[in-house]
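Residue numbers start from 1 in every chain, and the chains themselves are labelled A, B, ... in the order their sequence lines are given, proteins ahead of strands.
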Amino acid sequence: MRSFEYITPASLDAALEVSTRNAPHVKLLAGGTDLLVELKHTANGPKVLVDLGRVPELKGIEETSAGLRIGAMVTHTEIMESRLIAQHAPAMIAAAVTIGAVQTRNMGTIGGNLVTCVPSLDSGPVLVALDALVTVAGAKGKRQMPITEFFVGPRKTALSPDEILVDILIPAVMLGRPASFRKFGLRKGQALALVNAAASVAVEDGRIADTRIALGAVSPTVIRALQAEAIVTGKNVGDTAALREAAEMAVTEARPIDDFRASAAYRRELIAVGTFRVLEEALAGATAG
Amino acid sequence: MHHIEVTINGVLRRAEVPPETTLLSALRDSWGLTGSKLGCDVGDCGACTVLVDGLSVNACLLLAVQADGREVVTIEGLSGFEYLHPLQAAFERLSSYQCGFCAPGMIISAKALLDENPAPTELEIREALAGNLCRCTGYTKVVDAITEVCRDHANAVGVEESA
């Protein structure tokens, strides 16, 4: 690793100040599970490394009137062990347990996962299915945006170089909404997703009043399968044929690629199976209670 | 250079390290604790697994400066000259490793599991070890050793309770 200056700001303002002052030769350190690997293999490392590990504004999980707030520096293990998340957004736990291995989940953070923004990121689909908002802070103040706008492309987010991802908000209206997550990898442990999928549903009087279907690793960023959503919205809860039709439609909305992990054709099969299963599981959750 | 103070296996240790030093390098090169191994150096193999404030992490992906003020447990902290940790004894008894390179990380991950869950299922053991790769023995005897330690522990607790 090339040398750098290591700074540990104790507040968000201090972190913003030091990263603005040293831009663009700055990298922000969250859990480090991606960044340290990158720094070991790059010839042009940052001059300044800002460790966000001691910034209190980026930590914690809490319920507010706006919804469930999850600090960007919350680790995957903390998500798995959070009573609030188990109560309000358990699909986030289903996604977190599939990330890396224990060691990765103990260090890696949800904010880091979102900022690294690989197309297969496992935190993405559930957050899209739950209409999450993200807050970013910069020298000019904070701004909030839907997570779908935060994801711009592979390893590319809406963050400006002088901005820091602060937190993720699951809006109050989505808390407790039945949701489901599925990931397909080449094996269970330490695998990147070939396809991952999430769905949330709102059921009223035995009909699907609202749904969100999110797919990862099948396009440059996590996508919503809007046409598939339109097919199931308004249908009866037991309408399995509609779920199958939606699953086939979701395949046409994705743009999977061939790579060394799987062929595009295999990924299309997984999209159909995954979409069907997440819808089925989310609906099972909606009708169980 | 950064001055760091880390409690390692119960002993406060100090070092002057450049900021790009990993915790693994500091353990091995500054403090001579070579039980934690450098395998893949990218957080995949788990040979460098140590506990930091009770949680298992890859020491190759943590900077030494990040460990400043924290508590680290390495494989050297589990045994003394006179005794082995029950996990180490079981690994030895069942020949759970051949070359031994992965064993310190495997044992630390197993300890992290048993500290939280003294009676894991086989699936829970396998999931807890997903971040520790072995390229020679395989995993069956590793799982056997951990299972045996859990059984011995359960028996010992049972004896205490019935006494």
Assert top hit (heavy-atom pairs under 4.5 Å, partner chain A, pool Val65(B), Asn132(B), Leu129(B), Leu61(B)) equals Leu61(B)
Interchain contact, Arg187(A) with chain B, by part (heavy-atom threshold 4.5 Å):
neither
Inspect the surroundings of NZ in Lys59(A) and state if more than 12 heavy atoms from other residues, nucleotides or ligands are less than 6.0 Å away.
yes
Might you confirm whether atom OH of Tyr266(A) has over 12 heavy atoms from other residues, nucleotides or ligands at distances under 6.0 Å?
no
Does atom CD of Glu269(A) have more than 12 heavy-atom neighbours, drawn from other residues, nucleotides or ligands, at distances under 6.0 Å?
no
So which part of Leu113(B) gets closer than 4.5 Å to some heavy atom of chain A, the side chain, the backbone, both or neither?
neither
Which heavy atom of Asp44(B) sits nearest to which heavy atom of Gln190(A), and what is that distance?
O-NE2, 2.6 Å
4.5 Å side-chain heavy-atom contact, Tyr6(A) and Gln66(B):
yes
Taking side chain as everything from C-beta outward and backbone as N, CA, C, O, which of these in Glu127(B) sits under 4.5 Å from a heavy atom of chain A? Side chain, backbone, both or neither.
backbone
Max heavy-atom pairs within cutoff under 4.5 Å with chain B, candidates Leu29(A), Thr8(A), Asp34(A), goes to Leu29(A)
Look at the side chain of Lys40(A) and the backbone N and O of Val42(B), then say whether any donor-acceptor pair between them is shorter than 3.5 Å.
no
Dump the intermediate steps for side-chain contact (heavy atoms from CB on, under 4.5 Å) on Leu63(B) and Leu49(A), then the final yes or no.
CA-CA 11 Å; Leu63(B) 296 172; Leu49(A) 189 69; 3.6 Å; yes
Would Thr33(A) and Asn58(B) count as a side-chain contact (heavy atoms from CB on, under 4.5 Å) here? Give the steps.
CA-CA 9 Å; Thr33(A) 55; Asn58(B) 294 311; 6.0 Å; no
Is there a side-chain contact between Val52(B) and Asn106(A) in this structure, where contact means two heavy atoms from C-beta onward sitting under 4.5 Å apart?
no
Portion of Thr21(B) that has a non-hydrogen atom of chain A nearer than 4.5 angstrom:
neither
Taking all non-hydrogen atoms of both residues, which atom of Ala130(B) and which atom of Ala101(A) are closest, and how far apart?
C-CB, 3.9 Å
Can you confirm whether more than 12 heavy atoms, excluding those of Arg2(A), are under 6.0 Å from its CZ atom?
no
If we count only N and O atoms by modelled type, under 3.5 Å, do the side chains of Ser56(B) and Gln103(A) hold a donor and an acceptor together?
no
Answer yes or no: does atom CD of Glu38(A) have more than 12 heavy-atom neighbours from other residues, nucleotides or ligands under 6.0 Å?
yes
At what distance, to the nearest 0.5 angstrom, does CD of Glu20(B) lie from CD of Glu5(A)?
12.5 Å
Rounded to the nearest 0.5 Å, what separates atom CD in Glu78(A) from atom CG in Leu55(B)?
8.5 Å
